[in-house]
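Numbering of ligands and ligand atoms starts at 1, following listing order. Numbering of residues begins at 1 and proceeds along the displayed sequence.
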Amino acid sequence: MCPTPSDDPLYQRLQALHALLHHHAHLYYVLDSPEVPDAQYDAWFEELKAIEAEHPQWRTPDSPTQRVGGRVLDGFDTVRHRVPMLSIRTETDTEASGALAFDARIRKELELGDDAPPVEYVAEPKFDGLAVSLRYEAGVLVQAATRGDGEVGEDVTQNVRTIGQIPLRLDSRQRPVPPVLEVRGEVYMRRDDFEALNARQRQRIANGAKGEKTFVNPRNAAAGAIRQLDPQIAASRPLSFFAYGWGEMTAPEQGGPAFATHFEGLMALRDWGFPVSDLVQRCTGAEALVAYHRRIGALRDQLPFDIDGVVYKVNRLDWQKRLGFVTREPRWAIAHKYPAQEQMTTVLDIEVQVGRTGKLTPVAKLAPVFVGGVTVTNATLHNEDEVLRKDVRIGDTVIVRRAGDVIPEVVSVVLPGVAPEQGAGTPTGPAGVAGPVRGPVFRMPTHCPVCGSDVVREPGEADHRCTGGLYCPAQRKQAILHYAQRRAMDIEGLGEKLVDQLVDAQIVRGIPDLYRLSLTTLANLDRMAEKSASNLLAALEKSKRTTLARFLYALGIRHVGEATAKDLARHFGSLDRIMDASVDELLQVRDVGPVVAQSIHTFFAQPHNRETVEELRACGVHWDDEAGSAAVPQTLLGKTFVLTGTLPTLSRDQAKALIESAGGKVSGSVSKKTDFVVAGVEAGSKLDKARALGVAVIDEARLLALASGSVEP
Ligand code: IVH
């Protein structure tokens, strides 16, 4: 007989460490609310490892050090389930009918009369992972098995032990643990963990790792991890767990617990240390089930994990027993599914669409498929990099996903296709092996498929864009609305609905057409009274007289906002000089960097854009400051001013215009970068701040002198 170690202080310490580590692992993994820093946990863990190294005979399977300790297996042993793992009948019916029909059937089978009270159910999410059965003897996890065919599964104990949320030993502090307990539940992968895992996998593949692949969805990733023969790999895959039931459990007569309801059982599982979803809810009567289905359906896309439906279970266990089961499906439960969010289909074509802002999006044209509740024939491929990363080509079989109102997307290729015309593509088999011939690799077009303008991709950006701007029909509505904006050409009355009508009826094909509108054309439009038609014509007429800065801004050149437009107008003084400026010349303008300069240059390099500008001038669009502004000497170039108080003659706006026309900038607050504070009567805290920072304070007279160039700044 070996001496009992219980009075050995080191053994007592080991026991204490077990308790500490179990407790804090539960706080960390299950309750998500750690109470000690990770470093403290690690220190305890190391201490325990050291004791176990010294006394290997004390190393028990429920030791917290034993989560990852197993060896690489040749294969999995089989496990016969003592209580079979049932499956659930599935309803894909509409919201109401599924739940109502289930409730009606239950009431009938339980022979409840019409005036019997409503039946109580437990409604739960149907987690999209894989079912496992966890066997605890005397409170210690001794075996974990997959469902298999329901009778015989695989022994995956080693891998399941690596899941932090699964207790290695039941918590007995709140209620006694039964001698035997089989917990049934779902191993799954959270969506964020899945994304991170796939990002890691992509990195590995990019670094040349062999045999690595990305996973199609969290369910597959979880299943793959559980079926790993190397527990080290399983341990590196982040898995989670929800308990939703139990199998074998010691009977009350043998010292096991006596539950009256399923819900009570779930609460006991929670006390023993298992995660039980907060979304589990008791529902009285069929209407409550319908409401639950609707509530969870609305939450579905925001949940941190995938679900594919909800499960309704009769709460009373004596009733469950009375209802029994038919062919492995209990009569007391059903799964009520939501429409699948992923389906397989084939790519018929890859088209490139041009959005309202000129962004080019590759779109897969699909063989119609029912997914996420609708028939989908188009799915976005986001951008060129995404298409190349997923290597999607015409003819491929792909997985399409549509979640909620989100635009359907192509997730991945499951089966590479064969080129529509054999021989047109490139062989993809290993060198020398005649592989199937796939279609060519996708490339973004170099010219806009809608208007033929150049397509550009700016450095550091994922998107390709059409440079056609106001000429491109795809961008027409957007361009017109931008042109008409108050801060651009200020055409009052030209709103979204009207632009839609004008463009859809092909009355306006380009911006110059706006100036060719007649009273009769306008008055014939829907909801257009003669009065508003003539008001619009007047607004159009008025807009013809503008400033160069406004006109430049109105053109909708990418990256050219109001401030840049003003700078450009001031710097060059004439539109022709801007249109002919080289990138280097554009770079001379204050605040214009390489991206902006290139964007302006490319815009005016498009013949259509130049034509549009000429047409607008021919229509009578003109500005007064074209010659004039260049004449204003840029005496305040690079200087920043702050205005405070009331000036003797100039209004705030006039002072601002004066400074800006001379090349200066006006800022709202005083900082070390401020060059001058212009102070008037009742100047406030800005003046104090200027003094504190040692910024020059001047009056209106001095400002006028500086601007006119009669004194040097
Ligand atoms: S109860 C007797 N509850 O759905 C009922 N199953 O066919 C036994 N599942 O793969 C299962 N969430 O893993 C139950 N809240 C839940 C569930 C759930 C997901 C899975 C289960 C099995 C399938 C049942």
Side-chain angles (χ1 to χ4, degrees), residues 81-92 98-99 102 105-106 121-134 144-154 156 160 163 165-166 182-190 217-220 222-223 225-227 239-249 259 261-263 265-267 269-270 274-283 289 292-293 295-297 299-300 303-317 319-338 340-341:
H81 299 298
R82 283 167 236 217
V83 172
M85 290 182 79
L86 302 174
S87 58
I88 321 180
R89 200 171 112 190
T90 302
E91 307 265 354
T92 37
F102 173 62
R105 212 184 67 222
I106 295 294
Y121 299 97
V122 173
E124 306 173 6
K126 187 169 188 295
F127 310 107
D128 202 5
L130 72 156
V132 292
S133 182
L134 312 173
T146 60
R147 177 165 176 273
D149 63 2
E151 300 286 336
V152 175
E154 286 176 324
V156 289
V160 165
I163 303 174
Q165 286 190 331
I166 293 181
E182 274 177 15
V183 176
R184 302 274 164 92
E186 199 85 350
V187 169
Y188 67 96
M189 193 176 284
R190 288 170 53 102
N217 56 37
R219 209 192 73 78
N220 280 333
I226 282 295
R227 302 203 70 261
L239 295 175
S240 299
F241 180 75
F242 276 127
Y244 56 63
W246 58 90
E248 191 183 358
M249 180 161 65
F259 304 132
T261 63
H262 175 69
F263 194 77
L266 291 182
M267 294 307 106
L269 290 173
R270 195 176 266 171
F274 294 94
V276 172
S277 170
D278 287 334
L279 299 173
V280 169
Q281 186 187 309
R282 273 171 294 185
C283 293
L289 295 178
Y292 182 82
H293 187 268
R295 174 169 87 89
I296 302 298
L299 277 178
R300 185 183 186 193
L303 294 177
F305 46 82
D306 283 354
I307 62 169
D308 55 354
V310 291
V311 181
Y312 310 135
K313 300 171 180 175
V314 171
N315 195 21
R316 273 177 61 167
L317 296 177
W319 281 0
Q320 285 192 2
K321 204 161 166 195
R322 237 169 83 192
L323 288 159
F325 38 89
V326 262
T327 59
R328 302 236 191 112
E329 290 177 349
R331 269 197 279 247
W332 46 264
I334 59 158
H336 195 172
K337 290 243 199 180
Y338 294 114
Q341 292 177 318

**OP:** Find out whether Y338 and V310 are in side-chain contact, i.e. whether some heavy atom of one side chain is under 4.5 Å from a heavy atom of the other.
**Re:**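 Of all side-chain heavy-atom pairs linking V310 with Y338, at least one is under 4.5 Å.
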**OP:** Verify whether the ring centers belonging to W246 and F259 lie closer than 6.0 Å.
**Re:** yes
Original post:
Once you round to the nearest 0.5 Å, how far does CG of L130 lie from CZ of R227?
Top reply: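 Interatomic distance, L130 CG to R227 CZ, rounded to 0.5 Å: 9.5 Å.
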Subject >> H262: which of Q320, R282, R316, E124 passes side chain to side chain donor-acceptor pair (under 3.5 Å) >> reply: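 Considering Q320, R282, R316, E124, a side chain to side chain donor-acceptor pair (under 3.5 Å) with H262 is found only for E124.
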**OP:** Write out the protein residues near ligand 1, meaning a non-hydrogen atom under 4.0 Å from one of its atoms, in order of chain and number.
**Re:**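 Residues within 4.0 Å of ligand 1: L86, S87, I88, E124, P125, K126, F127, A131, E186, Y244, V311, K313, P330, W332.
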Subject >> Which residues share a side chain to side chain contact (heavy atoms under 4.5 Å, CB included) with D128, sequence neighbours left out >> reply: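 Partners of D128 under the side chain to side chain contact (heavy atoms under 4.5 Å, CB included) test: R219, D306, D308.
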**OP:** Give the ring-plane orientation class for F242 versus Y188, where under 30° counts as parallel, over 60° as perpendicular and anything between as tilted.
**Re:** parallel
